Amino acid sequence: FVCCCFFLRQELNIKELETNRFVLVHGGGFGAWCWYKTIALLEEGGFKVDAIDLTRSGVHSCDTNNISSLAEYVKPLTDFLENLGNGEKVILVGHGLGGACISYAMELFPSKVAKGVFIAAAMLPDGQSTNDMFSLQAGSNDLRRAQILHYANGNDCPTTSISLITPLLKDLLFNQSPIKDVALASVASRPIPCAPVLETLSLSDENYGSVRKFYIKTTDDGVIPLSLQQSMINANPPERVFLLKGSDHSPFFSKPKSLHKLLVEISKI
């Protein structure tokens, strides 16, 4: 009886939240598949969860080289938000490049986003691109050495996408992650389209600025080091900042239970 009451009380608390629905947005090269542990943990706790495959990512088999804008890349997310019911809100969660994607979506649909959560993500001010963020990073030679540049329109034209050298993936993205998840990522990852990385965001105080924002820092991140994460936080302060100790760039693999606890905590704030 006591156990039943506990679960009823827990169910009631979730229903009393502003929203119990999470929308998870992957970073560059990833897909909805990367959230499989987070999806399971949130759903077990009674939350509704949608993990979005951005254009030509994850299950989409099309060539990422043909993506020409951030709007095109983010279209599955903006379509999802546009089709939400009247008055329905979600908690948007972005990882890595997904931070720029959820910022773009918050600017378009501020009334449909209860909170934005940035996990080791590009949390940019108005007029900045994800590429600008990386240009601020001192000692980024390891990341550059890991990149393979693709020129789908010819070597005399701009870069169209970037791949990461598989043997270096573990050191940069998965240095604290289980080997099984590293193996999954090595076969499931896709090239990162360049256009969304290079495009500057246009964000307003009225729209983007009206959405509550939270940042989750990852201490052992080989892609966006802690110092760079802190620089973004200082330049564009969120409501609250959380720290995932011992996490690499991919906490959904390396620290899934700790990440889950923080997401649940943010849902209750």
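Bear in mind that the values here come from a model prediction, so they are computed numbers and not experimental data. FYI, side chains are in, hydrogens and waters are out, and symmetry mates aren't considered; it's all heavy atoms of this structure. Positions are given from 1 along the sequence.
Taking CZ of F253 as the reference point, atom SG of C34 lies at 6.0 Å (rounded to 0.5 Å). Taking CG of L184 as the start and CD1 of I179 as the end, the distance is 11.5 Å to the nearest 0.5 Å. With rounding to the nearest 0.5 Å, the separation of CD in E239 from NZ in K213 is 9.5 Å. In this structure, L81 CG and I52 CD1 are separated by 7.5 Å, a value rounded to the nearest 0.5 Å. The distance from atom CG of L70 to atom CG of L201, rounded to the nearest 0.5 Å, is 6.0 Å. Distance check, rounded to the nearest 0.5 Å: OG1 of T38 to CG of L259 gives 4.5 Å.
You'll find the side chain of L24 stays beyond 4.5 Å of the side chain of F252, heavy atoms only. The shortest distance between side-chain heavy atoms of I67 and P196 falls below 4.5 Å. Put simply, the side chain of V113 does not reach to within 4.5 Å of the side chain of I102, judged on heavy atoms. Residues I233 and P238 form a side-chain contact, since some pair of their non-hydrogen atoms from C-beta on lies under 4.5 Å apart. With contacts defined as side-chain heavy-atom distances shorter than 4.5 Å, the pair W33/S189 qualifies. Contact of the V264 side chain with the L42 side chain is registered, since non-hydrogen atoms from C-beta on lie closer than 4.5 Å. Residues P76 and D53 form no side-chain contact, since every pair of their non-hydrogen atoms from C-beta on lies 4.5 Å or further apart. At least one side-chain heavy atom of M232 sits less than 4.5 Å from a side-chain heavy atom of Y215.
The nearest pair of heavy atoms linking H249 to P251 is O-CD, 3.2 Å. The two atoms that bring V25 and G98 nearest to each other are CG1-CA, 4.1 Å, heavy atoms only. When all heavy atoms of L54 and V74 are compared, the closest pair comes out as CD2-CA, 4.2 Å. In terms of heavy-atom proximity, M106 sits nearest to L92 at CG-CD1, 4.2 Å. The two residues S250 and H95 come nearest to each other via the heavy atoms CA-NE2, 4.3 Å. What you find for L41 and P256 is that their closest heavy atoms are CD1-O, 3.6 Å.
Looking at R240, its side chain never comes within 3.5 Å of a backbone N or O of I269 through a donor-acceptor pair. Of the possible donor and acceptor atoms, none in the side chain of K37 sits under 3.5 Å from a partner among the backbone N and O of H260. A distance-only check finds a donor-acceptor pair linking the side chain of N175 to the backbone of D220 [under 3.5 Å]. In this structure a side-chain-to-backbone donor-acceptor pair under 3.5 Å is missing from K217 to L226. Under the 3.5 Å distance criterion, the side-chain polar atoms of T55 are matched with a main-chain donor or acceptor of Y73. For the pair S247 (side chain) and T219 (backbone), a donor-acceptor distance under 3.5 Å is absent.
Note on L198: it does not cluster hydrophobically with L203, by side-chain heavy-atom contacts below 4.5 Å among ILVMFWY residues. F30 is connected to L244 through a chain of hydrophobic side-chain contacts under 4.5 Å among Ile, Leu, Val, Met, Phe, Trp and Tyr, so both are in one cluster. Residues V182 and W35 fall within the same hydrophobic cluster, defined by Ile, Leu, Val, Met, Phe, Trp and Tyr side chains chained together at heavy-atom separations under 4.5 Å. At a threshold of 4.5 Å between side-chain heavy atoms, the hydrophobic network of Ile, Leu, Val, Met, Phe, Trp and Tyr places F47 and L263 in one connected group.
Between S202 and E107, the side chains place no donor N or O within less than 3.5 Å of an acceptor N or O (distance only, hydrogens not considered). D132 and S129 are linked by a side-chain donor-acceptor pair at a separation below 3.5 angstrom, with hydrogens and angles left out of the test. Side-chain contact of Y36 with D181: a donor-acceptor pair under 3.5 Å is present, judged by distance alone.
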Problem - Stepwise side chain to side chain contact (heavy atoms under 4.5 Å, CB included) test for Y208 and D126 - result: CA-CA 10 Å; Y208 170 80; D126 176 50; over 6 Å; no
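The aromatic rings of F242 and F214 sit tilted relative to each other, their planes meeting at an angle between 30° and 60°.
Between R21 and E88 there is a salt bridge, since a side-chain N of the basic residue sits under 4.0 Å from a carboxylate O of the acidic one.
Only one option out of V93, V117, V90, I266 pairs with F22 in a side-chain contact (heavy atoms from CB on, under 4.5 Å); it is V93. Considering Q229, K245, Q176 in turn, Q229 is the only one that fulfils the side-chain hydrogen bond (donor to acceptor under 3.5 Å, both in side chains) rule with T218.
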